[in-house]
Enquirer: 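Got a structure for you, written out below as structure tokens; questions coming shortly.
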Amino acid sequence: MSAAEKRQNMTGNQAKTNHPGARKKERLDSPKAKAGGDAKEGWAWKRKTDQAKKMEILREIDQLQKKITNLDREKSTHLYNKRSDFRKEFCVLEEHELKLLSERKQEKTKLKQQLGKMHSNVKHFQRELQNVKPTPEFVEKLKELMEDIESQLNEFKTQQRQIYEELMKEEHILNQEINTLEKRIDSWAQAPPISIETKATKSKPTASSARNIMADLPPDVAAFERFVEQTGGPRGGWDEYDHGTFLRIRNKHKGKATFLDEATNSLPGRTITDVNAHEAWYQEYTSLQEKKKDAIMKWRAIKEVEKGSSLEQAEQTAEEEARLREKKAEAKARQLEKEKQERYERLSAWKVQKELEKAQEEERREQEEARKAREYEKEMQRKMQVKAKAIEYAKLKKEDEEFQQMEALSRQEVELEEKKQARRQEVARFQERDQRKLQEKKAREQAKEEARKEQAKRLQRLKGKVEVQVERDPSRLYRLTEGWKERKKDDASSSGPVINMPRRAVPSWRTGL
């Protein structure tokens, strides 16, 4: 098919499709329009679903953030409190936590920088795609950009995967160690308590012996302990601040009764009765405490005498206990070695499993890369085909535009020639009309000239019939007219004095004013 036939076909098809009714019907009946409507509805539904998922994730993140805040508050209150009794033990933990927090912040900053760099590269690639140029250099530039972005993404994924695998390994090891510690603590809790009855060291009393502890003590010691227990502890039921203030003021006055008023004023929540009662309690407390000290000194003297006879028995018992502890330590060491071996075997199996999974993941990644390479090749071929079609379409469109321009030029020339012919005809018609009007004007002027000549002849004839001969008299100019003469006569007759002059009438109400 020649280029002229292609242009004619395209012109015909374009004329058919340019009709408004045809275009509207074509848009409504085309399967692309229906498919576009379905795709739009599917896209709207997918967007709503993604929005709902995003809101759910954000809500969950907010809840987790609140939990983290509460846990940090509890940790600062109970563990890292400066007034805590275990502050020294938790200082190491706090320093380790601060170190981990600093490392996490650094890693977060590094991740933000990497993601920002990749984001800027993707944005640059999108800007380049908006201004597509059909040149091999531009395609090569796009290819380099895509390969750079892909290499950055793969490197970032590999790095993060390695970090996550190391963290998973550490988590697994820590879980195993925690399980081992839990088992050890459970075994300690289930084991029977070991009591060593010696004269030098005395173990804590069990629940059964705690009931009879008062019966085994000397009478004065038992009386003191019973008094303390019944009266609210070593401060007589008062808190530490009130009891300390009471003792400070009492020592200041050296136990004299004059300190009671000052103590009452210094303790806002205590009355004079409370202070007197506390003073009586304190005197009883100090008295029983002195008796307790004396009883303990006597008991120690007696025990020193009995110590020599029971020393050999205590040494034998200590040796037996030492042998039992050594046996238990050996059994425990064997158990720990066995658990360590099991843990090592499980860790080796886990490493083998991870290596296998890593190999499988590597194979899947290579297959995925090969698939992506094939898809990329197909996409490039499709783009080249589209590009070739676009070039061909542009060429045909350019030829069609040139043909339309030529047709427009020929139409303009024909129209210009027609306009010139019409202008020549109009000029001839105007010239003929002007000539006719000029002749009519000349005829009218000639008729007027003839009428004027005829009128002049008629006037000449009339002048010849009524011609008057008058002499010139210049003195007539200085003579009085008849009217002026009559006025002079009136002035001469009215030259006497004026007797009655006319006045306006005066109203009756102004008479006499």
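Residue numbers count from 1 along this sequence. None of these values were measured; they are calculated from a predicted model.
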Enquirer: If every non-hydrogen atom of Leu115 is compared with every non-hydrogen atom of Phe156, which pair is closest and at what distance?
Expert: CD2-CZ, 4.0 Å

Enquirer: Looking only at non-hydrogen atoms, find the nearest pair between Asn121 and Ile149 and report the distance.
Expert: O-CD1, 3.7 Å

Enquirer: Do Asp274 and Thr271 come close enough that some side-chain heavy atom pair is under 4.5 Å?
Expert: yes

Enquirer: May I ask you to check whether over 12 heavy atoms, not counting those of Glu445, lie within 6.0 Å of atom CD?
Expert: yes

Enquirer: Could you tell me the separation between the CD atom of Glu177 and the CD atom of Glu170, rounded to the nearest 0.5 Å?
Expert: 10.5 Å

Enquirer: What's the separation between atom CG in Leu416 and atom CG in Leu409, rounded to the nearest 0.5 Å?
Expert: 11.5 Å

Enquirer: Does the pair Glu426/Arg429 count as a salt bridge with the N-to-O cut at 4.0 Å?
Expert: yes

Enquirer: Evaluate salt bridge (charged side-chain N to carboxylate O under 4.0 Å, His left out) for Glu56 paired with Arg59, printing each intermediate quantity in order.
Expert: CA-CA 5 Å; Glu56 186 67 26; Arg59 195 179 298 111; 2.8 Å; yes

Enquirer: Identify the heavy atoms of Trp238 and His243 that sit nearest to each other, and give their distance.
Expert: CE3-N, 4.1 Å

Enquirer: With a 3.5 Å cut-off and no angle check, do the side chains of Asp72 and Thr69 form a donor-acceptor pair?
Expert: no

Enquirer: Could you work out, with ring-ring contact (aromatic ring centres under 6.0 Å, His included) as the rule, every residue matching Phe224, not counting sequence neighbours?
Expert: Tyr285

Enquirer: Does this structure show an ion pair linking Lys372 with Glu375, if we count only N-O contacts that are shorter than 4.0 Å?
Expert: no

Enquirer: Determine yes or no for a side-chain-to-main-chain donor-acceptor pair under 3.5 angstrom, with Asp400 supplying the side chain and Leu396 the backbone.
Expert: no

Enquirer: How long is the span from the NZ atom in Lys442 to the CG atom in Leu438, to the nearest 0.5 Å?
Expert: 4.5 Å

Enquirer: Table please: side-chain donor-acceptor pairs of residues 90-107 below 3.5 Å, with sequence neighbours left out.
Expert:
| from | atom 1 | to | atom 2 | distance (Å) |
| --- | --- | --- | --- | --- |
| Glu94 | OE1 | Arg87 | NH1 | 3.1 |
| Glu94 | OE1 | Arg87 | NH2 | 3.3 |
| Glu97 | OE1 | Lys75 | NZ | 3.3 |
| Glu97 | OE1 | Tyr80 | OH | 2.6 |
| Glu97 | OE2 | Lys75 | NZ | 2.1 |

Enquirer: Is it true that, when you exclude Lys395 itself, more than 12 heavy atoms of the residues, nucleotides or ligands shown sit nearer than 6.0 Å to its NZ?
Expert: no

Enquirer: Check step by step if side-chain contact (heavy atoms from CB on, under 4.5 Å) holds for Arg334 and Glu330.
Expert: CA-CA 6 Å; Arg334 287 194 297 271; Glu330 291 177 359; 3.8 Å; yes

Enquirer: For salt bridge (charged side-chain N to carboxylate O under 4.0 Å, His left out), just list the numbers for Arg382 and Glu379, CA-CA rounded to whole Å, side-chain angles, deciding distance to a tenth of an Å, and then say yes or no.
Expert: CA-CA 5 Å; Arg382 186 186 66 79; Glu379 184 67 19; 2.3 Å; yes

Enquirer: Say you draw a straight line from NZ of Lys157 to CZ of Arg161; how long is it, rounded to the nearest 0.5 Å?
Expert: 8.0 Å

Enquirer: Any chance the side chains of Arg424 and Gln421 put a donor and an acceptor closer than 3.5 Å?
Expert: yes

Enquirer: Please assess Lys252 against Glu262 for the test side-chain contact (heavy atoms from CB on, under 4.5 Å), listing each intermediate value before the final yes or no.
Expert: CA-CA 11 Å; Lys252 178 182 176 182; Glu262 185 177 351; 3.4 Å; yes

Enquirer: Please test Gln126 against Lys123 for side-chain contact (heavy atoms from CB on, under 4.5 Å), starting from the C-alpha separation and ending with a verdict.
Expert: CA-CA 5 Å; Gln126 289 178 352; Lys123 286 292 185 183; 3.8 Å; yes

Enquirer: Can you tell if the side chain of Phe403 reaches within under 4.5 Å of the side chain of Glu399, non-hydrogen atoms only?
Expert: no

Enquirer: Give a yes or no on whether Met168 atom CE has more than 12 heavy-atom contacts from other residues, nucleotides or ligands under 6.0 Å away.
Expert: no

Enquirer: Check Arg365 with Glu369, please: is the shortest side-chain N to carboxylate O separation under 4.0 Å?
Expert: yes

Enquirer: Is the shortest distance from a Lys or Arg side-chain nitrogen in Lys340 or Glu337 to a carboxylate oxygen in the other one below 4.0 Å?
Expert: no

Enquirer: Should the pair His172 and Trp350 be assigned to parallel (<30°), tilted (30 to 60°) or perpendicular (>60°) ring geometry?
Expert: parallel

Enquirer: For Glu342, does the CD atom have more than 12 heavy-atom neighbours from other residues, nucleotides or ligands under 6.0 Å away?
Expert: yes

Enquirer: Does any N or O in the side chain of Asp148 come within less than 3.5 Å of the main-chain N or O of Glu144, such that one atom is a donor and the other an acceptor?
Expert: no

Enquirer: Flag the pair Tyr376 / Glu147 as yes when at least one side-chain heavy-atom distance between them is below 4.5 Å, and no otherwise.
Expert: no

Enquirer: To the nearest 0.5 Å, what is the distance between NZ (Lys117) and OG (Ser120)?
Expert: 8.0 Å

Enquirer: Can you tell if the side chain of Asp434 reaches within under 4.5 Å of the side chain of Gln431, non-hydrogen atoms only?
Expert: no

Enquirer: Between Asp62 (side chain only) and Leu58 (backbone N and O only), is there a donor and an acceptor less than 3.5 Å apart?
Expert: no

Enquirer: Please report the C-alpha distance between Lys354 and Glu357 in whole Å, then the side-chain angles of each, then the deciding distance to 0.1 Å, and finally whether the salt bridge (charged side-chain N to carboxylate O under 4.0 Å, His left out) criterion is met.
Expert: CA-CA 5 Å; Lys354 281 297 179 182; Glu357 291 178 358; 3.6 Å; yes

Enquirer: Arg364 and Glu361: salt bridge (charged side-chain N to carboxylate O under 4.0 Å, His left out), yes or no, with the steps?
Expert: CA-CA 5 Å; Arg364 284 196 298 271; Glu361 182 66 25; 2.5 Å; yes

Enquirer: Side-chain contact test, heavy atoms from C-beta onward, threshold under 4.5 Å: evaluate it for Glu128 versus His124 and give yes or no.
Expert: yes

Enquirer: Should Glu137 and Lys141 count as side-chain neighbours, where that means a heavy-atom distance under 4.5 Å?
Expert: no

Enquirer: Answer yes or no: is there a side-chain heavy-atom contact under 4.5 Å between Gln114 and Leu111?
Expert: yes

Enquirer: With the side chain counted from C-beta on, respond yes when Met380 and Val139 share a heavy-atom pair under 4.5 Å apart, and no when they do not.
Expert: yes

Enquirer: Once you round to the nearest 0.5 Å, how far does NZ of Lys169 lie from CG of Leu174?
Expert: 14.0 Å

Enquirer: Determine, stepwise, if the pair Lys383 / Val386 fulfils side-chain contact (heavy atoms from CB on, under 4.5 Å).
Expert: CA-CA 5 Å; Lys383 287 183 179 179; Val386 171; 5.5 Å; no

